[in-house]
Each structure stands twice: as C-alpha cells, then as structure tokens.
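Okay, so here's the structure we're looking at.
Worth knowing before you read on, the calculation uses all heavy atoms, side chains too, and leaves out hydrogens, waters and symmetry mates.
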Number of protein chains: 2
Amino acid sequence: MSGSRPTIEDVARVAGVSRATASRVINDAPGASDLLRRRVTQAIADLGYRPNETARALASGRQRTVDLIAVIDNPDLALGAHPYYSRVLAGVVTALETVNVQLRIQVVAEEDAAGRIDTIAADLTVGAILANATPDLATQLQHRSRKVVSLVPTAPSVPVVEADNAGGAYAAVRHLHSLGRRRIAAIHGPDLNTCSIARRSGYRRAINAFKLRDIGTAGGFTREGGHAAALRLLDEHPDIDAMFVACDLMAAGAIQAITATGRRVPEDVSVIGFDDNVVAICTNPPLTTMRLPTEEMATAATRMLLTGTVTPGHRERFTVELVERDSTSEVG
Amino acid sequence: MSGSRPTIEDVARVAGVSRATASRVINDAPGASDLLRRRVTQAIADLGYRPNETARALASGRQRTVDLIAVIDNPDLALGAHPYYSRVLAGVVTALETVNVQLRIQVVAEEDAAGRIDTIAADLTVGAILANATPDLATQLQHRSRKVVSLVPTAPSVPVVEADNAGGAYAAVRHLHSLGRRRIAAIHGPDLNTCSIARRSGYRRAINAFKLRDIGTAGGFTREGGHAAALRLLDEHPDIDAMFVACDLMAAGAIQAITATGRRVPEDVSVIGFDDNVVAICTNPPLTTMRLPTEEMATAATRMLLTGTVTPGHRERFTVELVERDSTSEVG
DNA sequence: GATAGGCGCGGGAGCGCTCTCACGAGAAGC
DNA sequence: GCTTCTCGTGAGAGCGCTCCCGCGCCTATC
C-alpha cells in the first residue's frame, strides 16, 4: 500500500498463499501446484515485485556476486593506463549478461594484497576471478574455501584459464622467419611476470629451432620501456631486421623509436607485438600482433565459476593467434 | 567455537556486553563508555571478527556499495575496446580505496537500458555513477530516489561532473592557430553525443573567432571512422594544414591516413586529439591532445556520492588542458 | 476399512545485524 | 530528601528472505 517496495509478504497476501509458497514460485522450486504458481506469478506482475537480493543473500548464506580481483603490480600499468583490465572486464560482463549475478570489483596493489586478504575474502560469493594475481594471494584465497579461477598461472592447485603464451611467441618468431627475417631481436617483459617468462621461453625455443641469434632486452611492459629497449637494440645491433615485442604497448614505443632512427617499419625493421588490444590498431603503421583471447578467457573463467565446474588444479589453455597488419613484411 | 565466522553475538559474549553495545563500538557510535569500548575492541581482535556486510545492509536498509553504470551506445566502443571506461573505473577505485565501500559494475547496452531500469535500480546503495548515460536513464534512476551523478551532461536536474569540452576544443584550435596553422579541419564525433556536440561547438566558436574556414566531417569516435574521415578531408581539401580530431582513437586513424597519402605529421598536417588516453602515447608520432581529467572527474563524482553532497541540478566542471607531444608543430 | 506413503502447503525459526525504547544509576536542582 | 535530567546499557523487535518440519489431504496397498 505504501510507497515502499513490495516484499514477498505482499506477494503472498495478494496471491492468497503463504510466504513459503511464494518463495517456491519465485525460486522455481518444486512443491507448488500450477494453480498457485499462476496466482503467485500474477501477483508478482501486479505488484512489480523484485526480490531483495540482500535479504536473499543473508537468508541463504550465499551471494549472487562474482568478484573480479585485479592485482596491480606496477602503478604505471594500473587500471586506467592498461587496456588489459578492460578486456577482462568485458569478458566477465559477457558471461554475466544472461544470469542474475552481480559483478563486484576489487582492485588491490600488489604490496597491499597480503594485508587485505580478509577484506577480499570477506563474503561468500559465487567466486572470484583473479586478474594478474600472485601465487601467494591465489592460494590464500583458495584456502579460504573460495571458488577461485586465475587468468594467469599461479600455484599448481589454483584453477587457471591461461593463454598459450609460449606457443604464441614461437608462432610470432616463426612468422617473422617465414617473411625472410633472420636478425630477430626481442623486447621482453618483466623477469618475474609469468606471462612474460612464457613468451620469452617461446621466443628462445624458436630462435634455437631456426638457428638464429638470441638478441634480447627487457622493456618492462610499458611504452617507455619499449621505446628505450628498441633504441638500445638498434644501437648495439644496427643490422636487426625484425623485433618480437612481448606486448603491444612496448611495440608502440618500439615503432616510434625505430622510425626515429630513420628506419622504416616494416621494410627495414618488421615489428610484431603481443596482445592485440586497442593500441595495436593505433600505432603507425598498424601493428601485426599475436592475439590474446582475453575476453574469451575471462568469459570462460566466469562461466566456470557460475556452473561450479572449478576443481583444484584445473587448467584450460587458449591458443594465441597471429593477426597480420602492416608492421611486418617480407624482406625486400 | 565452531569453524564458522564469528558474529557480533560472539563478540558481545566474549566482551561481556550486549549485542547493542558491541554494535555501537563497531560503528563508532556514541553511547558507550571507554571501558566497554576497550573490551569490545579487544574481543574483536581476539576473534578476528569482521561484520557481515550483507546482514548490515539488510538491517540498516542501505548498502555500502557504489554502482558504476556504463551505458554502451556503440558495440564497437564497448568496454574492452575503449580506454574511457577503464579510466573511469580507475578514478572510482581511487575514491573508494580508503573507505569500506564496495564497487559494483553494471554494464548495459543503450537499447536495453529502459527495460533494465528495475534491475539497475534494484538495491538501495550509496549511489550510482553514470558513465555515458542517456537523459532518459539518468532521470529515471534519479526518480527512483537514487543518488546519482553523471559524468556527462544529461538532464538539467541530474547532478553532473563534466569536462569543459567546448573550452577544450576552443583551446585546441587556438593552439593550432598559434602555431601558424590556418586551414584547420575537424573530425567530429557522433551527432547525438553530448560531449561530441560540445567539442564541435567549441571548434566552431574558435573558427569564427580566428576567421578561419569551417571544414568538418564526422568520424563516429572510432579509429576506422577517423581514418576514413581524414581521407575524405584530404581528398576534398588537399591544402589542409591541421586537423582538430574530437577523440584520440579517431586521431590515431587520422595520423595513419595522413601519412598514407604521403604527407608528414606534424610538418604538413598537424594533428591534435582529445582525451589523452593510452592511445595518445602510442600513435606515431605521439599525439598532442587535450587532456580530459577522466580519473579526477570519476574520483570527484564518487566522493560526492560518499559524502552525500549531491543535490539535484549540481554541476561541477573540470578544465581540459593541452598536452603537447609530437603531432603538432609550427608551420615551416 | 485401516495403514502406509507421497505431496502440496503453511507455520515458524532463523540468517547477522541495526535501532528504538525502556530502564536504572548517578548528577544536579529545589 | 525529593524530583528531574542525563546518559550508559541491554532487551527485543524487526530487515526480507530461505528452508526445515510437520500437518492434512489424496491415493495406493493389503
């Protein structure tokens, strides 16, 4: 009657049934006759009733919420500055579109992660998706009996939906090799980052397979780092004719550096990146890169949580595919 | 005693006080003596107690949650593809870092928005931040007695934290003019987008003030649109010596198009963008652009919600500043 | 026709917390 | 010494829902 939101009690009263029966209908639970089911459905429609999710969560002891936990390990590559997290978010949102589950975001700096475990693990939710988590955080959250899926390999017991970073890096070098490039340098990511490590090992495997020279330096996954790394490489090895760059952001910096030395991309130095995010279409020339299916991975991880099919140690691996644009070409 | 989480009842029992007193201490409410306050604090520490936020929300009728509502009006510029949303997210997270308020994300396609109002407005939260909302959605949410702040102008009654888009566009053209550029074309955004409209009006005002010719076309806020628009402009007006581009993504496409016609950026055609997101540092050459203080705006909007200082019709305007990089230069 | 089994339904006890209200003790005023 | 006021404290009633349990009816079985 009042202006406040109708409750299940109102629905029951209008339908002439008990609260329990109304609840059965609302939750599609068995034990209600078709007749009452129709009456309740009608009452819900008439009143414009929507269940109070908070009360549901309290009474049932489980929340219809998925957590996306983003661990920021480098302030320069935080949320606002890095396209990775928005792709993850997009993927999670896709999986959540059709189900009545809410999305909660928790962003935590790597150094604060340990101290904030309590807060992060506070509520009993459907589960948590870990973007870029450390093994420590991942295992601790898992031990708090939380359903957890990581998007990068952490500890062996933590379920993971990962990309074939090593295979992708190998394929990148193979592509450059197939174009006739023979002096293929690499700009790697941070030494401790698991994705970075896998990409480096894929590069090395390819270098060995094709009997090329291993020329590499680190770029820290930032544009500035990629820029500086490319200048170093060109200075020390002026005859480089291709670069494998472990992420698009660094590749953007590398292209700028290469053209600044008077060389042409792709003719003099071909560049191949890794990620295929928004940056890849914005470089000049547009970047040939290895596409990380980040959205698809995040969607898959979320679905695992929703269907409850996460088991300790579960691994799912997505392939990384070549996307050809204009930063690579055959040697003239 | 059991393995389950301690409740306020446990705290009260251990401290030898009532549940009410324990609650007072937990919520820093007045009406508890220092002695009992210490006893309760100690009990909380001993038990490792953390309040159940769900129960709190149900009992108090308000949730310690802020909603970030992202309306996607163009599938090509969705979450994963556009750096805007991640900057907003970063800004909101900053404001939420020090307070115990959770962040919930709701992403909704523009065409679904009307039908999903119920879901969006479902719970009584601290408030909602609207990224890119339509006037309809904004007013409807506001009428449901929700605290709402928009990041773009919507309806007059809806509080807004906006950027001085018109002023920024004016300043961009003024900068090009001060570099000696006199044939300054524009690539505008979508006709219906409020930001886009403001930027276009700022451009026109400047064009009139400096007695230049108004040459403009639409680019739809996408890289592809910017690319195509630049080609059209150069084809119809080959003597253009500068471009004001209403967003960085389009500017990236424009730079690619300009160099593809054999012209040099910035010497032959200077380009100035708008936004200053990650794309701006990745173009080649790096993009001179008008910095939209998106993070700061989102932080301010969130703080308004947290402090409860949102009043209908409230407007806050942030200035847009020039960031000089290498895509603009004086006429040779 | 008596007993057993199945099933639709409602009663009622909680989930963990907040918040109002009443109570009692001590301080202050006459 | 009485009333009045203040203030710390606890009892208890919810918030809106879920879910267990038990009742009563109907059908099946001998």
In whole Å, I'd like the distance from the [atom1] atom of [X] to the [atom2] atom of [N].
| X | N | atom1 | atom2 | value |
| --- | --- | --- | --- | --- |
| A:R56 | C:dC15 | CZ | C1' | 15 Å |
| A:N52 | D:dG16 | CG | P | 7 Å |
| A:N27 | D:dC17 | CG | P | 10 Å |
| A:R39 | C:dG8 | CZ | P | 16 Å |
| B:R64 | C:dC17 | CZ | C1' | 14 Å |
| A:R19 | C:dC9 | CZ | P | 17 Å |
| B:D28 | C:dC17 | CG | P | 16 Å |
| A:D34 | C:dG8 | CG | C1' | 12 Å |

Note to self: Testing B:M304, B:H314, B:E296, B:R303 one by one against B:V161 for a side-chain contact (heavy atoms from CB on, under 4.5 Å), which residue passes?
What the structure shows: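 For B:V161, the side-chain contact (heavy atoms from CB on, under 4.5 Å) check succeeds only for B:M304.
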Check: What nucleic acid atoms does A:A32 come within less than 4.0 Å of, heavy atoms only: base, sugar-phosphate, or nothing?
Finding: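 Sugar-phosphate, no base atom in range.
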Margin query: Using a heavy-atom cut-off of 4.0 Å across all strands, would you classify B:L36 as base, sugar-phosphate, or nothing?
Written below: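 The residue B:L36 makes sugar-phosphate contact but no base contact.
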Note to self: For B:E295 and B:T94, which I'm curious about, is there any donor-acceptor pair between the side chains at under 3.5 Å?
What the structure shows: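 No pair is found: no donor N or O on one side chain lies under 3.5 Å from an acceptor on the other.
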Note to self: Checking side-chain polar atoms at under 3.5 Å, does A:Q140 have a donor or acceptor matched by the opposite partner on A:D136?
What the structure shows: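 A:Q140 vs A:D136: no donor-acceptor pair found between side chains.
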Item checked: Minimum-distance pair of heavy atoms, taken over all atoms of A:L306 and A:A95 ->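 Heavy-atom minimum between the residues: CD1-O, 3.8 Å.
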Next item on the list: Please evaluate the base of D:dG10 for a donor-acceptor partner in the side chain of B:R24 within a cut-off of under 3.5 Å?
Entry: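 Present.
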Just N and O in the side chain of [X]: are any of them under 4.0 Å from OP1 or OP2 of [N]?
| X | N | value |
| --- | --- | --- |
| A:S23 | D:dT18 | yes |
| A:T21 | C:dG10 | yes |
| B:S33 | D:dT9 | yes |
| A:S60 | D:dT18 | no |
| A:R5 | D:dC15 | no |

Checklist line | Residue whose nearest DNA chain C nucleotide is more 5′ - A:A20 or A:P30 | finding: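 Result: A:P30.
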Next item on the list: Specify the residue among B:G31 and B:L58 whose closest nucleotide of DNA chain D lies further upstream toward the 5′ end.
Entry: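 Counting from the 5' end, the first nearest nucleotide belongs to B:G31.
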Next item on the list: Just compare C:dC19, C:dC17, D:dG16 and give me whichever is closest to any side-chain atom of A:A55.
Entry: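 Between C:dC19, C:dC17, D:dG16, the one nearest the side chain of A:A55 would be D:dG16.
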Item checked: B:I8, nearest nucleotide to its side chain (from D:dT9, C:dC17, C:dC9) ->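 The closest nucleotide is C:dC17.
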Item checked: Test: B:E53 and B:R64 ion pair at under 4.0 Å ->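 So B:E53 does not pair with B:R64 through a salt bridge.
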